[in-house]
Every structure is written in structure tokens, then in C-alpha cells.
Amino acid sequence: MPINYAQLEHSQGQFAADYATWQAQQSARAVELKSLLTEAAASPELLRQAIEEAEQQLPTLYLAKPTSEPILTHRPLPAAPESYTLIAADGSQIAPSRHRALQFGVVNVGLIKARIGSGEAPQIWVETELLTPQQIQTSEGNLISEDEIALLRDLAERKRIRQAVSSEDAEPVITLTDGPLDIFYRSTIQGEREQQVQRDISEIDEDLRRRGVLTAGYIDKPGSAMLSRMLAVFQCKRQGLPPDKKTDGLNLSDRFILRDILDQPGERSAIFEAISRGPKKPANSGAVAFFYLNVSGAEDEPCLVRVEFPLWVSESPRLVDALHAVIYREAQVLDSHPYPYLLHRAHELAVVRRIEADEVEAMLQSQLDPQFRARQRQSNKSYLKGLS
Amino acid sequence: MSDSSHSIPIGKLLRADNSQFVAGCRVRELETPAFGSLVRASLVDDTDVYGLITNISINDDGLVRQLVSGVSIPGEYTADNRYNRNLPVEIHVLTIGYQSEGQLRHQLPPRPPLSLDQLFLCGSDEVARFTSLGAGYLRHILRLTDQPIEELLVAHLSQARRVQDSLGNPEWYEDACQRLIVLLRDDYMRLTQVLDALSELE
């Protein structure tokens, strides 16, 4: 029996009670933060000063910074362009594992490109890259971590997107990936390899910007608390405290704060700049903006997602409207569980299942010298797990 | 092996037994096969297995079911599901004969075709050749219990009749009807249904 259900049954009542308490605390925090948001909206200059001071003083920072739009903005859904090009990419990977007989890594990217308005079936690609032994090792000779291979996967997605964009594409050209646009947020990759990835990303971003391509990141059920942190800094400023002074109980997912403001299907929030600064963050990474969007089709069930895009896009109301309308329309294709259709399809194309990873391993093993192959064995732990 | 110069590949075999088999094809390949058409699976040992398409089924999956309930699906995404996604159309075939070492027979083959064997739609020359051997193969159709055999007979006999008429054999269709009457002489109810359906060809 994999789970001791008798033990779980004993503790589930307490869990429910604790969970209800936690939810009540979150609701109370949401009320508090909504009130603080209203107060911050009434004092935009104080808010601006608070954030600028935090930017100057704090080495690590992750918060929302207002742009020219008032922070309580809620924009209705604009009309979508009649024709446009939408490209979605998603990646999957086989991370190297010492428990396998063979240490190898694979990055798999699924890409789908639709010319909306053409009536044609989208084009699809699957690109599978076998990483070299050098790529799957750190400079110390260890196997690279899940985070590092995730970074290589994200980089591969961006490269494929750039290749897929054509001068014949109907404008606007919008690209969509799953997750934040800043792909370094979880990376532990260091040294020359990190710098090379940074150079590649910067070059791709600049190239896409030059070609007027709107690159967007879609974050479903977002958990980040950038508004909470913005309000914490505001609160500290108001109270005359340093910006890093912890204000207990203020961190709460932004979607709980904006839920009541974006109560109409298709509404978006104000545009904020994502201020992200930390030891993992490259100094030359592009500025990112975001808005929250209610992708729900029903008035009484707001479903807020975060849409990230390069800050330069926010300077063009036409492009922001196009992004706003296209993302909502795209999510509404799967209307009972709103999520961009093409992004789901890219995931469907990219995902590598366990059985496929095993097949790739067998294929690679078959290419090894028989004597060498005989010495490559999976770990006993892995073998025994496979028996159950 | 048959002269396949006029044959059109329409799919590959998914599963089979001696009396029937199922092939898969993509939606974009679905323009040619039709209910009641004569098809051929070519085996690696130079045996050809002949059959009639008794059913064509369209599969679904979770995403298609999700899209069905959606209010607004761009035409591009309908096309994506039809042409890009890996949802094969299944072509069900009733085996009605085979050819081995140049000899055509209206009997079940010694072995069924194997998975991934190619399925071809037979051209007029192959339909003529297969049906010219007589209408004895119709007994395989009459054994079906879970299919609309009257409709299958109408679909197939209209094709075979057209081919035989074009070759100057108008009596072929009459012989086939006589054969059906003989085969169904002890099942008046079914014979009535079959003749009623065939009256549409008159």
C-alpha cells in the first residue's frame, strides 16, 4: 500500500481546520492589500519614490513598478486584429541522471505557428537536440542540474521561435511561451556558460525587437507577489522605515489582490514593469512588463493570469491592445479551462514521456562499442524501482 | 503481386485477423476511401489480401472533446486537429479473398496481413479482375452480424456493376443478385431487406 490511509484519515480533520484558518488569513490579507492598493493609487508620487529608493538600496528585489497607467486601471477587451501570426513554443527535456546506464541529456522543443485569418492549418515542428557530453557536465565534472537543463531548454525555445518568424508573416507577430520571459530566474548556471547563454538570449531578444515581434510569456494561476512587495515598499516609505523592513503578512499572490478589480471577462490590469534583481539575474537582461488578464468567459468566476512582454511593447497602445485581445481570444478556445490553445499544442508536441526517454537511451546505447556498452549499467536502485 | 499502377495507398494496417482488419490513415488521406470500396493489403510474401471497407471511424481524445464544447474555434484550429494531430481515422475492412502465386481466390487468406502493411484502394482494373471470378465472395458479407449489410451490398455492388457494365458485362449484376437470392433463400426477412435496398440501384 503506497499510502497509509489510516494515518491520513486521522489527521485530515485537523488539516481541513488549518486550511480554513489559512484561507481566512489570506482573505483578510487580501482585504488589507486591496485597501493599501487604493491608498497607493491615491499617492502615485509617494509610491514612485518608494520604489526608486528600493531600487537604489536593495541588492535583491522582485516587485511591480507602475508605468504610465494608473495602478487601478482595468481595461475592457479590445477588438482583435482580423489577421495575425501566433507562434507558440514549449520545451521538454531528458535530464542526465547518474542512475541511468548512460548519462545523456536531450532538449525537445515543440513549436506551432498559426496564421490566423488564413484558414490554413498551423505549421508544426519538433526539434530534438542531443546534448554533448560537455554540455551535460559542469566545469567540476558533475552532471548539470535540472535547473541548468531547463535553462538550455528555454534557450532552445527562443532560438526556434526566432527561426520560425518569417518576413512573410501577417502582422502583428506574437510569440508565446509558458512561464516568465526572464529565463534566468531559477538558473544556477555559472561562469562562461552563463555568459554565453546571456549573450544568446540578448541577441535573440534584440533581433526580435528589431523585427517588431511581440514575445509574450503566459503564466497560468500565477503565484508571484510582486504587487504585495510593491505595496510593502510603499508601506515602509509611508511609515518612514527602510524599504527592506519586513512588513508581516503582506505577501499574497497578485491575483487575489486584483480579482475584484478585473471582474469582467477579458479585462486587463494596468501595465507594470517587473523589477527583478538578484544574484542570478544578468545585468544586461531586457526589461520586462506585464499585465494581469481575466481570461474567464463568465462574469462571476474571474480567472487571472499574468502576461509578460518586453517593456518596449508597453510604449505602443496598439501593440498592447493586440496582445491583450489575442491572448484572451486564444485562451477562450479552451473556454471551460481557459489556456492558450497553441501553447497547449506546443506542449503536446514537446512532451517527452518516460518510455520515450528509455527508447532514446536504448538507441544511444546501441551505438556504443559492445565492450564499452557492457560496462554501462543503470543503478541497482533504478533497476529495482523498475520492478515495482 | 497485383499490378498496383492504379492503386492508391490509403493507410497502414493497425490490427488484423483472418476475416477482418483495421487500417489507420490521417484525415488528409480520407478523400479517397469510401464505404463499400474494394481494398487490398499487400503482404511481404507477395500475397494480396482483398477486402471491403465496412466502416470508417473518426477517433477523438480529451482535447477534441474539450474543443467540441467551445463556443469559438478558429478555422485554423479545426484544421490543426484534422490534419496535424495524431488521431488516425480507422478503416475497418472485411476480408473477402486473397491472391497468392498469381491465383485469385474468394476465400479467407491463410494468414492475415501484418501491422503497418500498406492498404491500397483498388482501381477499376482490380475491381473487374476480382469480381469477374464470380459473386461467391458475397457470402463473407452475409456473415456479418453487426454491420448494415444491405447498405454495404448497395455500396459495393454499385461500384462492381459500374465496372462490369463498362466492360460489356451487364449480366454480372444479375448473376450477383441471383447469387444473393440463393444464399439468403432460408432467411426471407433478410432477403427482403437486401432486395429492397438493391432496388435503389435500379
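A, B, ... follow the sequence lines: proteins, then strands. Residue 1 opens every chain. Heavy atoms only: backbone and side chains are in, while hydrogens, waters and symmetry mates are out.
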Residues in side chain to side chain contact (heavy atoms under 4.5 Å, CB included) contact with A:Pro78, at least two apart in sequence or another chain: A:Asp321, A:His324, A:Ala325
Result of checking B:Arg15, B:Arg26, B:Lys12 against B:Glu90 for salt bridge (Lys or Arg N to Asp or Glu O under 4.0 Å): B:Arg15
Portion of B:Tyr77 that has a non-hydrogen atom of chain A nearer than 4.5 angstrom: both
Residue, of A:His337, A:Glu348, A:His344, that accumulates the most heavy atom pairs under 4.5 Å with chain B: A:Glu348
Chain A contact via B:Arg85 - which portion, at a heavy-atom distance below 4.5 Å: both
Contacting moiety of A:Leu349, where chain B heavy atoms sit under 4.5 Å: neither
Greater than 12 external heavy atoms within 6.0 Å of B:Arg143's CZ: yes
For B:Arg65, salt bridge (charged side-chain N to carboxylate O under 4.0 Å, His left out) partners two or more places apart: B:Asp60
Separation between CZ of B:Phe21 and CG of B:Asp117, rounded to the nearest 0.5 Å: 9.5 Å
Most chain B-contacting option - heavy-atom pairs closer than 4.5 Å, from A:Glu120, A:Arg115, A:Arg329: A:Glu120
